[in-house]
Amino acid sequence: MAKRTLVTAALPYANGPLHLGHLAGAYLPADLYVRYKRLKGEDVLFICGSDEHGVPITLAADKEGITPADVVEKFHNINKKAFAELGISFDYFGRTSSEAHHKTSQDFFKTLHEKNVFVEKSQDQLYDPKADMFLPDRYVRGTCPSCGYEEAYGDQCEKCGTSLSPTDLKNPTSVITGEKPEFRQTNHWFLPLNDFQQWLEEWIDSRKNWKGNVLGQCKSWLNEGLNERAVTRDLNWGVPVPLPGTEGKVLYVWFDAPIGYISATKEWAEQQGNPDRWKTYWQDEETELIHFIGKDNIVFHCIMFPAMLKAHGDFVLPENVPANEFLNLEGRKLSTSRGWAVWLHEYLEDFEPDLLRYVLAINLPETRDSDFSWSDFQSRVNSELADILGNFIFRTQSFLNRYFDGTIPELVNPTERDTEVLNAIAEYRDEIGKLYDGFSLKEAVLQSMNLARLGNKYFTEMEPWHLRKSDMERCGTVLHVCAQLTAALATVFSPILPSKMAVLRKELNLPDTDWNNISSTLLEAGHKIQKGTILFNKIEDETIEAQVRRLKERAGEQPASDIPELKETATFEDFMKIDLRSAEVLTAEPVPKSDKLLKLEVDIGLEKRTVLAGVAQQYKPEELIGKKVCVVANLKPRKMMGVKSQGMVLMAEDTDENLYPITTEAPVGSIIK
RNA sequence: GGCGCGGUAGCUCAGUUGGUAAGAGCGUCGGAUUCAUAACCCGGAGGUCGGCGGUUCAAAUCCGCCCCGCGCUACCA
């Protein structure tokens, strides 16, 4: 076994608050694992922090008329607070805007630069002369070459979804000044991931116990072949490139963010008064580095960051990356833009943190996407936390207080069954420990609850309420066993329910303990306990209904705001340049190897034409044949998937991306104006 | 279309180096009980393990094809 473990959880992006999906995907599993390790007395360090760079943050700032620093300050604090309240026990929660991070990531870059790892390339990029800066992709707007949408961003057209490069745009304008940008030469540094392809394949192949979903994703990327990837950008929000003559350039956020794990560890060491101590966790071969992330982050943590670390040479490589799948909400994908989410800070206004920890933990998306529903939340809390765990603890505490004056009775002549149950404590401890060690967290939680189930079964089987009248000594022995189980549960459930178990340990007058001490002798005969309280209250139907109502109302309100804003005013002349004609769809067939395109033959009166339409996901060819539709007849032809398209069939698109053909009664060839 | 992952009881999910494992919790039905938050405990019902073929003495588990869901990727003139 390694001497120590460094656990990281994905750095949350500081442009918005966190929701249940984030918690279930990375932070809760990481915290369960870390808390278990700590209870075992192992040397484990848990690092996280806010990822505060990147274009989305600058855009969010512009939108609200505040600075990027204001944006990240806001969400860094909101998220940090939510984590703290949920008991996510980071040893250090840093942020990538910190000075230490800037220095660390710059040093990292410099080392790679000095080792000639990067490829430097000069390229044309759009530059805003008035603002005196290069424009990031998202800062350029213009006409989409694909669909003609005039407000397309330089990286992607929001209208048609096409991925773009800013230089593709027609009539580009700067978002900042509205000026027409010009081309200027700019230098950038690229990490040639292709050089690492073979090493990565061998390295990943040599990994032990990686999850199938993680290996699958890695192989998918490796099969497609890795390419050079820019590690710098022209932007002024981020970590400045530490080379002369590079004003206005920063490290690309995907490059600097994972280095944030290292920076945060340094800051932690500093805070500990032992500034060099971070090295133990990042440079000693006997450290196991574990990254907890969601599946969206696999490529960064299994391909790019390892390549960076390997290229650098001074750091340990990840031992395992137990990425989770996604959590759905009430059977639907989470969507922040559609309001389909439960925010952590909102949850915390209404419920206790441990309830959510348990419900998410027992249903983590470990091997596939899983579902969170409010009714399941209620059911888990009521029938498992309250009825199984809470009930066993409380009936034991009550019985001890009522009939034994709150004192643990002697274990006298234990029966075979008594011994069996007492022995089960150590067996569960070992079994559950193995499950944690192997990242089978869900199963670990399930088995933890089974120990409480065993307690209830034993209690009922022994019927101490009868023994109390017939054989007080025997009754005491039974309650002794139940008390030991309760004490064991107080530690077994500590990773999952930290604050509730702290309360319980206090009631049991059981000082902090550790995992290895979980045994059948945690409480000695004669030990005094306090009166028990109800740890878990049941949740009423109305409470749950209110949550569901709030969720649905918010989701229902959303579409209105999704209706795109009007484009800028067009002149009559602009409009008249477009020649719209009524046309009949004569034939329609799928385009080979395309999921979206249908190849249509249309009669526009003057002639018959081939037109491609991106509607294959919603319309079968035969559904369009015979329809009289509206066609843009003078659109410049364009080749796609090897087929030349001479025009465009007009479709209306609703906010859910459903398409509706614009049909007409007019004779074929009629001008539409 | 390519690549990856998944499709197991009404619900949420375990389970694959092929063979007494077809499982758990919830829900449901029946019984027992009262120490306990009408909780606990016992028992029953309930599944062609997405579909069709194949390999094998034996397949949820391996292979092929197909259908459905999710993710990445290429084309939405």
Side-chain angles (χ1 to χ4, degrees), chain A residues 144-148 157 159-163 211-224 295-296 298-299 325-326 328 331 333 362-373 375-376 379-380 382-388 390-400 402-403 440 442-443 446-447 449-450 453 455-468 475 478-479 482 532 534-538 590-598 611-618 631-632 635-649 651 653 657 659:
Chain A
C144 173
S146 207
C147 69
C157 173
K159 191 79 178 173
C160 67
T162 307
S163 294
K211 294 170 64 174
N213 58 332
V214 176
L215 288 172
Q217 278 294 314
C218 292
K219 283 176 182 158
S220 179
W221 275 83
L222 291 169
N223 285 343
E224 288 191 24
K295 68 175 167 186
D296 52 329
I298 289 175
V299 64
E325 300 287 304
F326 284 155
N328 289 324
K333 281 190 287 184
I362 195 72
N363 199 19
L364 289 174
E366 273 177 351
T367 57
R368 56 172 163 173
D369 292 355
S370 67
D371 192 50
F372 175 92
S373 72
S375 71
D376 185 56
S379 160
R380 298 277 189 190
N382 291 358
S383 61
E384 294 175 19
L385 288 180
D387 292 348
I388 306 290
N391 180 44
F392 173 67
I393 292 168
F394 190 66
R395 69 199 296 201
T396 299
Q397 289 175 311
S398 299
F399 210 100
L400 284 169
R402 260 173 87 177
Y403 303 114
S440 293
K442 249 167 114 155
E443 183 68 14
L446 180 69
Q447 291 304 333
M449 190 56 82
N450 281 345
R453 289 196 164 93
N456 277 317
K457 188 176 164 66
Y458 174 80
F459 199 113
T460 304
E461 279 173 0
M462 295 299 118
E463 301 185 323
W465 55 92
H466 286 154
L467 293 173
R468 177 175 70 81
C475 180
V478 167
L479 263 295
C482 291
I534 287 179
L535 290 173
F536 305 99
N537 289 300
K538 297 209 183 189
V591 174
K593 294 187 178 179
S594 167
D595 286 352
K596 294 184 181 169
L597 295 174
L598 287 185
V611 171
L612 296 178
V615 298
Q617 286 174 334
Q618 281 176 49
V631 166
V632 183
L635 199 60
K636 189 176 169 190
R638 153 110 177 210
K639 211 170 174 181
M640 285 180 295
M641 301 301 287
V643 180
K644 191 171 169 191
S645 178
Q646 304 170 286
M648 176 170 173
V649 174
M651 294 267 170
E653 185 180 40
E657 297 178 338
L659 296 169

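In what follows, chains are A, B, ... by sequence order, proteins preceding strands, each numbered from 1.
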Are any side-chain N or O atoms of A:E366 and backbone N or O atoms of A:K442, one a donor and one an acceptor, separated by less than 3.5 Å? yes
Out of B:rA14, B:rA24, B:rC3, whichever nucleotide has its closest atom nearest the side chain of A:L446: B:rA24
Base partner of B:rC76, which must satisfy Watson-Crick or wobble distances under 3.5 Å: none
Between B:rA14, B:rG71, B:rU37, spot the one nearest the side chain of A:K333, thanks. B:rG71
Should A:H466 be listed as having a side-chain N or O under 4.0 Å from OP1 or OP2 of B:rU34? yes
Measuring from the side chain of A:E325 (C-beta onward, heavy atoms only), which nucleotide among B:rC72, B:rA14, B:rC5 has the closest atom? B:rC5
In whole angstrom, give me the gap between the P atoms of B:rA36 and B:rU28. 25 Å
Looking only at the side chain of A:N363 (C-beta and beyond, no hydrogens), which of the listed nucleotides B:rC35, B:rA39, B:rU12 gets closest? B:rU12
Of all the choices, B:rU12, B:rC35, B:rC70, which nucleotide is nearest to the side chain of A:D371 once you look at every atom? B:rU12
Which nucleotide in the list B:rU33, B:rC41, B:rA24 gets nearest to the side chain of A:T460? B:rC41
Does B:rC13 have OP1 or OP2 sitting under 4.0 Å from an N or O in the side chain of A:K442? no
Taking the P atom of each, how far is B:rG64 from B:rC5, in whole Å? 12 Å
Atom CG of A:N382 and atom P of B:rU12: how far apart are they, to the nearest Å? 19 Å
Could you check whether A:F399 and the base of B:rC35 form a stacked pair, meaning centres closer than 5.5 Å and planes differing by less than 30°? no
Any idea which of B:rC40, B:rC35, B:rC13 is nearest the A:N391 side chain? B:rC40
Applying the Watson-Crick and G-U wobble criteria at under 3.5 Å, what pairs with B:rU20? Answer none if nothing qualifies. none
My understanding is that a pair needs two contacts under 3.5 Å, Watson-Crick or G-U wobble. By that rule, which nucleotide pairs with B:rC5? B:rG69
Looking only at the side chains, is there a donor atom on one of A:N450 and A:R453 sitting less than 3.5 Å from an acceptor on the other? yes
Find the partner of B:rC26: check Watson-Crick (N1-N3 plus N6-O4 or O6-N4) and G-U wobble (N1-O2, O6-N3) distances, both under 3.5 Å, and reply none if neither fits. B:rG10
Give the nucleotide from the list B:rC13, B:rA36, B:rU37 with an atom nearest to the side chain of A:R395. B:rA36
Nucleotide of B:rC72, B:rU37, B:rG71 approaching A:F536 most closely (side-chain heavy atoms): B:rU37
Measure from the side chain of A:F394, starting at C-beta and using heavy atoms only, and say which of B:rA14, B:rC5, B:rA36 lies closest. B:rA36
